[in-house]
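The block underneath contains the structure these notes are about, expressed in structure tokens.
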Amino acid sequence: MKARAASMLALLCAAECGQALAHSAPNSMVKLDFLARSVHAEVLVPESELAYATAAERASENFSTYLLRHLAAETPQGLAWKVEVRSVRNTSYLDHPYLSAQVEFTPPAGASTQAFVLVDDAVTHEVRNHVVIVLARDAAKPELLGALQYPARRLTIQRPAAASGDRRATQK
């Protein structure tokens, strides 16, 4: 009798939770513009997922400061790039509220903007099923360069200078 009651309770819970489980969480996006001396990025982070990721963080910290602790770029050899958050604004995408940060990545002297490692765990360090989609937005059509999901937090971007249509990225 107890087994039957437990089974009925499990079915009831599954039926009630079905809609919540079927709802997919919004993803983050990093849209890259490759320039001669820097890479500009629009970093879009869903506010709902950011709230989960920052629940144990410093409450008074602004998004720019938080982002600079979780977003970086470096050369393939490991030399750090300069990262500057230029602006932050609220926006929405597919009916979800997002924070949009305009970020400038500047390589060290002698390094190319065509090859670098993007480091991002702004949400994924706490929300393990969150995905960061990385796109190049040269021309009219964005191109997928790769994605990051826990435990990966590093994406190698390799963009051949001569053939902008042949981009490759690898995840670590």
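From a predicted model like this one, the values you see are computed outputs, not experimental measurements. Along the sequence shown, residues are numbered consecutively beginning with 1.
Residues Ser100 and Leu44 approach most closely at CB-CD2, 3.6 Å, considering heavy atoms. Pairing each heavy atom of Pro26 with each of Glu49, the nearest pair is O-CG, 3.6 Å. Here the shortest heavy-atom pairing between Leu145 and Leu135 reads CD1-C, 4.0 Å. Between Asn27 and Val131, the shortest heavy-atom distance links the atoms CB-O, 3.3 Å. Of all non-hydrogen atoms in Trp81 and Thr113, the two that sit nearest each other are CH2-CA, 3.8 Å. Nearest heavy-atom pair across Gln158 and Ala115 is OE1-CB, 3.4 Å.
The backbone N or O of Tyr150 sits nowhere less than 3.5 Å from a side-chain atom of Arg153 that would complete a donor-acceptor pair. A distance-only check finds no donor-acceptor pair linking the side chain of Gln149 to the backbone of Thr124 [under 3.5 Å]. With hydrogens and angles ignored, the 3.5 Å screen pairs a side-chain donor or acceptor of Tyr66 with a backbone N or O of Ala122. Put simply, the side chain of His130 gets close to the backbone of Ser28: a donor and an acceptor are under 3.5 Å apart.
Between the NE2 atom in His40 and the CD atom in Glu84 there is a gap of 9.5 Å [rounded to 0.5 Å]. The OG1 atom of Thr65 sits 11.0 Å away from atom NE2 of His70, with the distance rounded to the nearest 0.5 Å. Asp121 CG to Arg154 CZ: the interatomic distance, rounded to the nearest 0.5 Å, is 11.0 Å. With rounding to the nearest 0.5 Å, the separation of CD in Glu42 from OH in Tyr98 is 11.0 Å. Between His125 atom NE2 and Thr54 atom OG1 the span is 8.0 Å, to the nearest 0.5 Å. The OG1 atom of Thr106 sits 11.0 Å away from atom CZ of Arg37, with the distance rounded to the nearest 0.5 Å.
Note: the hydrophobic cluster containing Tyr52 also contains Val45 (ILVMFWY, side chain heavy atoms under 4.5 Å, direct or indirect links). When the side chains of ILVMFWY residues are joined at heavy-atom separations under 4.5 Å, either directly or via intervening members, Leu79 and Val83 end up in two distinct hydrophobic clusters.
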field: Check against side-chain contact (heavy atoms from CB on, under 4.5 Å), Leu71 and Val85
entry: CA-CA 10 Å; Leu71 183 69; Val85 177; 6.0 Å; no
- request: Could you walk me through whether Ile133 and Leu144 pass side-chain contact (heavy atoms from CB on, under 4.5 Å), step by step?
  value: CA-CA 8 Å; Ile133 299 167; Leu144 178 66; 3.7 Å; yes
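Here the side chains of Asn90 and Leu99 are in contact, with some heavy-atom distance below 4.5 Å. Residues Val39 and Leu118 are not in side-chain contact: their nearest non-hydrogen atoms beyond the backbone lie 4.5 Å or more apart.
Using the six-membered ring where Trp is involved, Phe34 and Phe116 have ring planes that are tilted, between 30° and 60° apart.
Within 6.0 Å of the CZ atom in Arg128, the count of heavy atoms belonging to other residues, nucleotides or ligands exceeds 12.
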